[in-house]
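For reference, the structure discussed in these notes is given below.
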Amino acid sequence: MKVVYNWLKDFVDVTATPQELASRLALSGTNIGGVENGAHGAVIEAEVSSNRPDCLGHLGIAREVAAIYRLSLKHVAPKPAEGAAKASDAIRVEIQSPELCGRFTARVIRNVKIQPSPKWLRDRLEASGVASISNVVDISNFVMLELGHALHTFDYDKVRDHKIVVRRAKHGEHMRTLDGIERQFDSDICLISDGDGSHAIGIGGIMGGAETEISFSTKNVLIECAWFEPVAIRRAARFLKLHTEASTRFGRGADPEMAELASRRAAELILQLAGGELLAGVVDIYPGKRAPQKIRVTRSEILRVMGADVPDKEIEASLGALGFAPVRVDQNRGAEGSLLAAWESTPPSWRAEVEREIDLIEEIARIYGLDKFPPRLPPARQGAARLPHYEAETRLRECLIGLGYREILTIPHVREERDALFRPAGITPAHLSNPLSEEASVLRSTGAVTMAAALEWNLNHGQRNARFFEIGRHYRLHGSNPVETRVLTIGATGAAREKGLYDTACDFSFADLKGDLDTIGALAARFTWSDGGPSWLHAGRSGNIGAIADDPISRTSFGVAGQLARRIADKLKLRQDVFLAELELDPVYAAMQAAKEARRYEPVPRFPAVERDFSLLLADGTKFSDVTETIQSLGIGEIHGIEATDLFRGKNVPAGKYSLLVRVILQSREATLTDAQISDFSGRIRAALETHLGAQLRAS
Amino acid sequence: MPTSDPGLDKTLSALGLTQASEVAARFAELRAHFDAQLLEVHDEAGWKRFRDTWLGRKSGVLTQITGNWLKPAAPESKPAVGAALNALRAHVESQVEERRAAIECGAEESALARERTDLSLPGVIRPVGSHHLIRQVFQAIEDIFFSIGFSVVEGPEIETPYYNFEALNIPEFHPVRDDMDTFYLDLPKGAPGPLLLRTHTSPMQIRTMERQKPPVRVIVPGKVYRRDNPDATHSFIFHQVEGLAVDTDITFCDFTGTIEYFVKQFFGPQVTTRFRPSYFPFTEPSVEFDVSCPFCGGTGTAAGGGTCSKCKGAAWIELFGAGMVDPAVYGFVNYDAKKVSGFAFGVGIDRLAMLKYGIDDIQVFFQNDVRFLGQFP
């Protein structure tokens with residue numbers, strides 16, 4: 001709403017500069033977009049909140065100004081000269097849908113001269129950003145901007161039978177509106193129709209019809225000034241996708257009492273600028289008239305909500321200036337500042353949204369000044385708690401960041417085809433019914449899909465080395481129930497180590513990914529790996545991840561990791577190897593918690609450790625875990641560790657075999673191991689490996 | 001070996017040195033000779049030869065003196081010879097040792113000069129990762145509120161219209177819904193009701209109050225969604241921290257005090273705050289909350305002159321909306337509006353981070369370019 005500073009002066013003798021005024025308005029509840037100095041003086045852009053339709057006119061803003069500065073507000077009391085003929089003989093009005101239209105007034109002016117508006121009127125409209133059309137049309141816009149009430153003028157002679165019927169639209173009914181568009185209605189929309197009521201000539205409270213529009217040949221004018229039910233108007237405006245100045249005002253709740261006054265004001269201006277003769281009286285059908293309800297406000301409630309007092313005279317002055325007519329009603333009426341003080345107020349017709357004591361308290365507080373309530377920090381009543389998984393998540397983040405992973409945040413809205421590439425079979429994704437585009441039409445059903453996109457974005461922008469993690473959610477539907485699951489997604493591509501002064505370059509490999517995951521796994525005792533993995537991962541370089549835990553749920557696999565399948569990498573045009581992992585976090589957090597609780601101190605060994613290497617020739621398909629299990633099955637308590645220290649195939653190794661160097665660390669908690677003990681252990685280990693795995697042992 | 005023969009291979013009597021003064025003179029000559037030779041010793045090899053000449057166990061000068069001069073000396077002159085020898089030995093030993101230290105030190109210096117590490121060369125960098133900037137701001141806010149007794153809770157991003165709107169006093173066709181263009185899910189036929197992506201973190205106000213009785217003090221960090229076309233200042237996903245405090249004695253003064261405490265912790269003690277009346281269906285009184293522009297010190301003028309780019313000359317920056325919980329909301333969670341009161345607020349994190357770090361495009365938060373991520377270690 002553009003507030004023309006000079007226009008305000010029609011209603012209130014404000015002396016503050018436009019800048020000062022704007023600032024005071026802002027601090028009392030009228031949001032200010034800015035102040036501009038134009039050809040017609042200062043214009044204040046007021047961003048009126050949706051609960052204050054009364055401020056969508058200069059009179060309403062002037063009332064705020066009067067309340068802030070304690071100035072008097074000038075009355076609006078137009079007294080247009082009326083002719084002898086009665087309006088009620090010239091126009092008949094019937095409201096068939098009082099639930100949609102609570103009041104309808106009609107005035108008729110004969111023999112007007114439609115012509116361009118005078119300069120003062122054009123200037124006011126121009127300052128308000130409204131185009132000038134003709135005197136009668138301009139007057140209806142002017143009155144709307146002045147009093148905040150929308151009205152409509154018809155070419156009286158085009159209204160059939162000089163009769164108005166206000167009714168619900170019939171299903172499928174249509175009409176051409178002023179803007180030249182043919183519009184179709186549903187039965188919740190209020191139409192203004194003429195004659196026998198079968199024929200629509202306007203949409204109530206939204207826009208008039210093209211057929212009865214005022215033109216330069218119009219002789220006689222019918223002024224409609226009505227009141228429409230706000231919820232119905234908002235619903236209709238949304239249904240029709242037609243938001244107008246009128247629908248905004250009626251949709252937020254116009255002042256029903258203003259309907260007759262605004263009509264009279266328009267008539268006065270038409271007589272003044274277009275001549276003609278105003279028929280006597282007004283046709284006023286008012287089924288929706290409501291008696292105002294008194295509201296009580298007490299000092300004790302002000303204190304309870306606001307925490308500091310407001311003096312009696314401030315309470316009475318602010319409510320009085322805003323039209324609430326406060327009356328002190330408690331037994332201690334003479335006592336200034338009494339804790340038992342109570343007032344009864346009657347909300348004015350333009351403030352229908354004020355219904356409760358709290359509403360009055362807000363009015364008092366905002367006019368008194370919010371800065372007058374001293375800030376204080378309330379004492380805490382109880383201990384505060386972090387999220388249950390806060391500590392686990394923090395440890396996880398620290399670990400990942402230490403390993404060189406950067407945290408990312410991705411937008412979960414993705415393209416359906418992209419999501420499908422990563423989606424496990426049998427999963428129903430959550431589609432949006434009103435996406436902004438196909439690119440963002442489904443919520444990601446895996447973390448991997450957006451992680452891949454983040455790596456893709458970097459590769460496409462010349463950044464070939466990236467190590468990322470994201471702690472977020474994926475979204476799926478179980479039937480019609482949404483399921484949001486916390487997931488950790490990891491993505492890596494490019495160099496694990498870049499070439500530097502002291503090092504050679506080294507590309508990120510599956511072993512890097514596995515090592516990093518096992519480092520995280522140490523927080524949860526240990527991750528376990530099993531063959532398999534989803535189809536979007538490379539079949540030979542992927543696996544499922546679980547945890548060692550007593551809880552059978554977290555023992556089952558809760559994650560996957562591996563190299564992105566070539567087929568998918570090609571589709572995403574990723575020209576280098578990409579590694580991805582995705583883990584459900586709740587089981588990881590549970591395993592971390594369990595591991596933390598189970599952790600106990602183990603004394604540091606006092607006796608030296610001895611290493612023995614075994615160079616094995618193994619058949620392809622024999623796993624390192626077969627080796628460790630074989631060795632451990634011997635039950636030698638002095639075996640402290642088993643490591644794989646070298647692995648090769650090819651030269652000097654027969655086809656179908658590979659060479660593995662295994663280091664066994666022997667250590668006793670009781671004494672230094674003797675040569676005899678060591679050679680006994682070594683002999684048993686050799687024998688077991690030869691017997692159980694068919695390993696050939698080479699001298700090492 | 002001394003150049004002029006001091007007669008070390010002969011006894012003193014064979015040399016005809018019988019007088020104490022003559023013996024002393026001979027020792028003095030030897031000492032002078034030693035001192036002169038010492039000056040010629042410059043490197044480790046020379047030093048070793050020199051040391052062997054004088055201190056060599058088998059045929060060093062001092063060994064010879066002991067064998068040829070001291071041992072055969074007449075008993076009456078023995079003490080004098082012994083004393084002179086000891087004095088010479090002490091001198092030789094200390095000087096030889098001193099010389100060695102001097103040579104080593106010199107050698108080290110020249111070696112250091114040759115091999116000194118170039119400190120301008122980089123070390124071996126083990127790259128570490130980083131928290132996302134949004135996460136950093138979340139953490140900062142959580143820590144501030146946690147320190148004054150607010151617990152942290154989370155909630156679903158996929159919500160029902162009831163929690164996102166109705167229970168927050170926003171009935172259908174309420175004008176506020178027009179400002180929160182909402183994403184809805186496409187659900188199978190027979191679904192119990194529509195589902196949407198929450199447009200704010202406020203639904204957790206309701207879920208929290210349903211779950212517990214007062215006193216309530218929570219903050220809710222999370223993602224929210226509004227159906228806005230993306231540009232430099234709009235994203236259809238962004239981040240909020242919701243706050244809610246309800247108790248039997250929470251007033252507007254507690255509300256402004258809490259917000260003020262938060263802002264001073266976040267931006268620094270120099271900022272001032274301002275509350276402007278506003279309107280939200282779920283708070284009353286409602287406010288918009290402004291902070292004096294922390295970048296121009298609330299002057300509206302940039303440090304180098306000209307209009308401050310952050311507050312556009314306004315001296316104030318609008319931070320977020322908040323207010324006292326509307327009594328109507330308590331009706332939805334079975335709280336007695338006559339007995340309890342409270343406040344609620346919703347802070348936009350992305351905007352806060354953009355302001356604080358001078359980011360002019362909200363999209364960078366979601367592009368995840370390593371060159372962006374690396375700027376906030």
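Below, chain A is the first sequence line, B the second, and so on; all start at residue 1. Atom set for the values below is all heavy atoms of this structure, side chains included, hydrogens, waters and symmetry mates excluded.
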Report yes or no: is the cationic atom of Arg386(A) (NZ for Lys, CZ for Arg) closer than 6.0 Å to the six-membered ring centre of Phe146(B), at no more than 45° off its axis? yes

Structural part of Pro388(A) lying under 4.5 Å from a heavy atom of chain B: neither

From CA spacing to verdict: side chain to side chain contact (heavy atoms under 4.5 Å, CB included), Leu443(A), Leu185(B): CA-CA 9 Å; Leu443(A) 298 181; Leu185(B) 292 197; 4.2 Å; yes

Checking side-chain polar atoms at under 3.5 Å, does Glu157(B) have a donor or acceptor matched by the opposite partner on Tyr475(A)? yes

Proximity breakdown for Glu398(A) and chain B, heavy-atom pairs closer than 4.5 Å: neither

Measure Arg464(A) against the heavy atoms of chain B and call it side chain, backbone, both or neither at under 4.5 Å. neither

Min side-chain heavy-atom separation Arg274(B)-Asp371(A) under 4.5 Å: no

Under the criterion side-chain contact (heavy atoms from CB on, under 4.5 Å), which of Leu187(B), Ile158(B), Thr160(B) is the partner of Pro482(A)? Ile158(B)

Part of Arg304(A) lying under 4.5 Å from any heavy atom of chain B: both

Out of Arg366(A), His243(A), Arg381(A), return the one with the most heavy atom pairs under 4.5 angstrom to chain B. Arg381(A)

Heavy-atom closest pair, residues Arg356(A) and Pro327(B): NH1-CD, 4.1 Å

Any idea how Phe373(A) and Phe252(B) line up, ring-wise: parallel (<30°), tilted (30 to 60°), or perpendicular (>60°)? perpendicular

Counting only heavy atoms closer than 4.5 Å, note whether Asn458(A) contacts chain B via side chain, backbone, both or neither. side chain

With a 4.5 angstrom heavy-atom cut-off, could you sort out which part of Pro435(A) is near chain B: side chain, backbone, both or neither? backbone

Asp359(A) versus chain B, the contacting section by heavy-atom distance below 4.5 Å: both

Could you go step by step and tell me if Glu154(B) and Arg486(A) meet the salt bridge (Lys or Arg N to Asp or Glu O under 4.0 Å) rule? CA-CA 12 Å; Glu154(B) 277 185 342; Arg486(A) 254 191 283 275; 2.7 Å; yes

For the pair Glu470(A) and Arg135(B), find out whether any cationic side-chain nitrogen is under 4.0 Å from an anionic carboxylate oxygen. no

Report yes or no: do Thr258(B) and Arg376(A) form a side-chain donor-acceptor pair below 3.5 Å? no

Side chain from CB out, backbone as N, CA, C, O: work out which of these in Ala440(A) comes under 4.5 Å of a heavy atom of chain B, or both, or neither. side chain

